[in-house]
Amino acid sequence: MAAPTLDRTASPDTLLQHESAQFRVASADPATYRTDVLIIGAFADGTLPPVSKTIDSASAGKIATAVLRGDLGGKAGSALTLYDLPGVAATRVLVISLGPRDKFDESAYRKALGGAAEVLAGGRSAEVAVTLAENNVNKRSLAWRLQHATRILADGTYRFTATRTVGEEEKGRGPRRVVFLTSGTITPELEIAVRRGEAIAEGMRVAKDLGNLPGNICNPAYLAETARVLGKAFNFDVDVLERSDMEKLGMGAALAVGRGSDQACKFIVMQYERGKPDDQPVVLVGKGVTFDTGGVSLKPSDAMDEMKFDMCGAASVFGALTTVARLGLPMNVVGIVPAVENMPGPNASRPGDVVTSMSGQTVEILNTDAEGRLALCDALTYAERFDPACVVDIATLTGACVIALGKVTSGLMANDDSLAAELLDCGTETGDRAWQLPMFDDYQDLLKSNFADVSNLGGRPAGAITAGCFLARFAGNYKWAHLDIAGTNALSGDAKGATGRPVPLLTEFLLRRVQNKVG
C-alpha cells in the first residue's frame, strides 16, 4: 500500500482548489435511468410519494415491502439501501425517510437531504441520481427544492483535509456526479437554482476550512493573504491596513486586543463592486480573533483549543463573498475583517485599562476576554465611510448567547426592525435560523463606567444583549444588525468542526437584496 500523502496544503492559494461533485438536473424516468445510486423518499408510515411509487411499481413492490416491514426508520433522514432491484436500472436504491407524512415540511426536507448526504459521504459512487426534489414541500417551487438539495448534498460531503495525512482508502469519498431527476422540462431557472446551491456550498466550505485551521496557521497575516487570494481569483479590490495604518486612524480599541501577541494586527477590507456606482453597498463585518486565550483574563484550559473558532465571523464574511463573487451578483458588497490574536504577554491589555476607539469614545476594559466587541467597534466606525445601505456584523461574541439559544439558533440584534425582519426571514428560509433579542435602552445602564465613556462588560445578566448594546453605540449612523454566532459557528465532541454558518443566511440575504433591489 502506498504511503499516505497530504491531500492538500494549508496555503491560502489552495482554498479554491478542491474536488467536489458536479451537479446538474435532467429530465428522465428514474426507473430506467442507469446510475450507481438512485435516491428516493418514503414516509414514516410506509406511504410512498408519487415519484417513489413509480419506481416501486417497476420493482414489483419490492421497495414498499421493505419499508412496510420496518427496515426504514421513521425519523426524517433515516436510510435504507436496496440492491439489484428488478425493473430498476440503478445498481442500488437508497431509500430516505421523509418523516411523518403530516409533518413533511421544509425542516423535514432538509433533514432527509442531510441523511442522504451522510450516506453518500462515506461511499465512492461515480454518479448518484436524486428524486427527493420531486416531492412537494409546502408548495415550494422546484427551483427552491433544487437549490436547497444542491447546497445540502454538496455541503454534506465536506471533509477537512488541509492539515491531515489522507490515505488512499479515504481519498475519493463521496459522489463525483449528482443528477437531479425530474419529469418536467429543464428550464434556465432550474439550472440557476443548482448553480446557486453549489455556490452557497462553496462559500460554506471556505468558511469551514478557515474555521477549522489551527491558530498557528490561520493567524491575522493568513487571513490577509486569504483575502488577497480571493480578490485575485474573483477580481475584487482588497486593502490590508497594517498596525501603523490602524494607529493613524485611531483604532485604539481593536489594537488593544492584539497588543499581547507577536502576530501583528491586520485590518482587512474587501470591496466587491458589480452594482451601479451609486448603489449603496451592503457591508459585512466579521470578527477575526484568530485565537482567543482571553488575554490577561485567561480562559479555563478545558476546550481552549476550540478558541481557534473565534474567527468564524470573519470566515463567514469570506464565505459569503466567495458565493457572491462566484455567482457574479450585480451588487456592491464590502467585507471588513479586523484580524487580531488575543494573547497574554508583557504588552497585553489589562483589566482597568482605558482605550480610545476610532469613534473617539473611550472604553474601560473590565475584562480582556470581552475582546471581540473591541475589535468590532472600530470596524463599525470604519464602515461609515462607505455610506452603507446597511451593516451586518457577525461574531462569536458571547458565551451568554450559547446559554440562551444553544447550538441551534444564532442571536440577532438590530437598530432597525425592517432589517431584523429581513434577516430573520432569510434564516427561516434557509434553515440557518436566528432569534431576535431586545436592545432596550435600559440595558445601556449596565455598561456605565466611572472612568470612561463606556465599559466593555455589562456583568453576568443579559450578557449577549449588553454586548450588542455596546456595539450599537458605534453603529448609530446607519441601519445595523448584529449576529451572535457563538453557539452556531462550530460543533464539539465527535463532530467537532466549523459549521459554515451563517453563510446560508447571509447569502440568502444578499440574493434577496439583488432580486428586490433593497436600498
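Residue numbers run from 1 in the order of the sequence given.
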Side-chain donor-acceptor distances from residues 93-101 under 3.5 Å, at least two apart:
residue: Ser97; atom: OG; partner: Gly73; partner atom: O; Å: 3.1
residue: Ser97; atom: OG; partner: Gly74; partner atom: O; Å: 3.2
residue: Ser97; atom: OG; partner: Lys75; partner atom: O; Å: 3.3
residue: Ser97; atom: OG; partner: Gly99; partner atom: N; Å: 3.2
residue: Arg101; atom: NH2; partner: Asp45; partner atom: OD2; Å: 3.4

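- Take Ala58 and apply the side-chain contact (heavy atoms from CB on, under 4.5 Å) test, not counting sequence neighbours, and it matches Ala31.
- The ring-ring contact (aromatic ring centres under 6.0 Å, His included) check on Phe470 picks up Phe474, with sequence neighbours excluded.
- For Ser59, the side-chain contact (heavy atoms from CB on, under 4.5 Å) criterion is met by Asp56, Lys62, Ile63, Leu85, Val88, not counting sequence neighbours.
- Within the structure, salt bridge (charged side-chain N to carboxylate O under 4.0 Å, His left out) contacts touching residues 318-329 (residues at least two apart or in different chains) are Glu202-Arg326.
- Qualifying salt bridge (charged side-chain N to carboxylate O under 4.0 Å, His left out) partners for Lys308, counting only residues two or more places apart in sequence or in other chains: none.
- For Arg92, the side chain to side chain donor-acceptor pair (under 3.5 Å) partners two or more places apart in sequence, or in a different chain, are Ser125.
- For Tyr158, the side chain to side chain donor-acceptor pair (under 3.5 Å) partners are Asp209, Asn212, not counting sequence neighbours.
- Residues passing the side-chain contact (heavy atoms from CB on, under 4.5 Å) test with Thr488 are Ser410, Ile485, Arg501, sequence neighbours excluded.
- Judged purely by distance below 3.5 Å, without hydrogens or angles, the side chains of Asn138 and Asp105 never pair a donor atom with an acceptor atom.
- For Phe43, the ring-ring contact (aromatic ring centres under 6.0 Å, His included) criterion is met by Phe104, not counting sequence neighbours.
- Scored by the salt bridge (charged side-chain N to carboxylate O under 4.0 Å, His left out) test, Glu106 finds Arg140 as partners (sequence neighbours excluded).
- With sequence neighbours excluded, the residues satisfying side-chain contact (heavy atoms from CB on, under 4.5 Å) with Ser492 are Glu306, Lys407.
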